[in-house]
Amino acid sequence: MARPVVFLDTCVLYPPLVRGILLGAAEAGLIAPRWSRRVLDEWRIAAARNGGLMAESGVEAISARMTARFPGGEVCPEPGVEMAINLPDPADAHVLAGALAAGAEVLLTFNLRDFPARRLAALGIVARHPDGFLWELLSAATDGMCGAIRAAAAAAGAKAPEEIRPALKRAGLPRLGKAWEAMAEGRG
């Protein structure tokens, strides 16, 4: 299986379980994750707004670990590229600029409507929802993904196998949860 270059939008980094699964998939060699400084800044600001200074410093620590674990993961868009991008939400232009700078095949986001398929296809990028994308990874690389899901779920507090599917559903990954449960039952 080819390892796709995947640009991570802020909304997939913010939830700990989704981020943990994605980084676990990267550690298993299933994806090559990419992000920009601006995406990390958005994540830090959202964390501070919702959780205060402790949450903000937590994001800074996680960002530093990500950069250490995935050298070359952080990309810097060319100046001016963002200004030339036309999306339904102009505030998302920096995300597409980052994906272009990364040479990404996939832009992973929960906000698909903000990234029209036709516009991205012309640039060689596909916007994907993490639920379908991770479900496909689980189907293609079961062992690596099962390990990533177990580890991320445990870190998020879902330690027992029967807690994992509900945790995935709450994180916006219902298809992945259903597939996980079927595989876990099949593996006994």
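The structure displayed is predicted, hence computed values, not measured ones.
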Indicate yes or no: at least one non-hydrogen side-chain atom of [X] is less than 4.5 angstrom from one of [Y].
X: Ile45; Y: Val59; value: no
X: Pro77; Y: Leu100; value: no
X: Ile149; Y: Leu134; value: no

Run the side-chain contact (heavy atoms from CB on, under 4.5 Å) check on Phe115 and Arg128 step by step: do they pass?
-> CA-CA 9 Å; Phe115 299 97; Arg128 296 288 311 274; over 6 Å; no
Do Arg44 and Asp41 sit within salt-bridge range, that is, some charged N less than 4.0 Å from a carboxylate O?
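Answer for the salt bridge query: yes.
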On a heavy-atom basis, the closest approach of Val81 and Ala97 is CG1-CB, 4.0 Å
- Task: Treat each ILVMFWY residue as a node, draw an edge where side-chain heavy atoms are under 4.5 Å apart, and state whether Ile31 and Val126 are in one component.
- Result: no
In sequence, state the C-alpha distance, the side-chain angles, and the governing distance for Trp35 and Thr67, and then conclude on side-chain contact (heavy atoms from CB on, under 4.5 Å). CA-CA 10 Å; Trp35 58 87; Thr67 301; 4.1 Å; yes
What distance separates Ile164 CD1 from Leu173 CG, expressed to the nearest 0.5 Å?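 Result: 12.5 Å between the selected atoms.
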Taken to the nearest 0.5 Å, the spacing of Glu136 CD from Asp131 CG works out to 10.5 Å
Name each donor-acceptor pair under 3.5 Å that joins a side chain in residues 7-21 to protein atoms two or more places apart or in another chain, with its distance.
{"from": "Asp9", "atom 1": "OD2", "to": "Thr109", "atom 2": "OG1", "distance (Å)": "2.8"}
{"from": "Thr10", "atom 1": "OG1", "to": "Val39", "atom 2": "O", "distance (Å)": "3.4"}
{"from": "Thr10", "atom 1": "OG1", "to": "Glu42", "atom 2": "OE1", "distance (Å)": "2.7"}
{"from": "Tyr14", "atom 1": "OH", "to": "Asn50", "atom 2": "ND2", "distance (Å)": "3.0"}
{"from": "Arg19", "atom 1": "NH1", "to": "Leu13", "atom 2": "O", "distance (Å)": "2.5"}
{"from": "Arg19", "atom 1": "NH1", "to": "Tyr14", "atom 2": "O", "distance (Å)": "3.3"}

Could you tell me whether the side chain of Arg34 and the main chain of Val5 form a donor-acceptor pair under 3.5 Å?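 Checked: no pair found.
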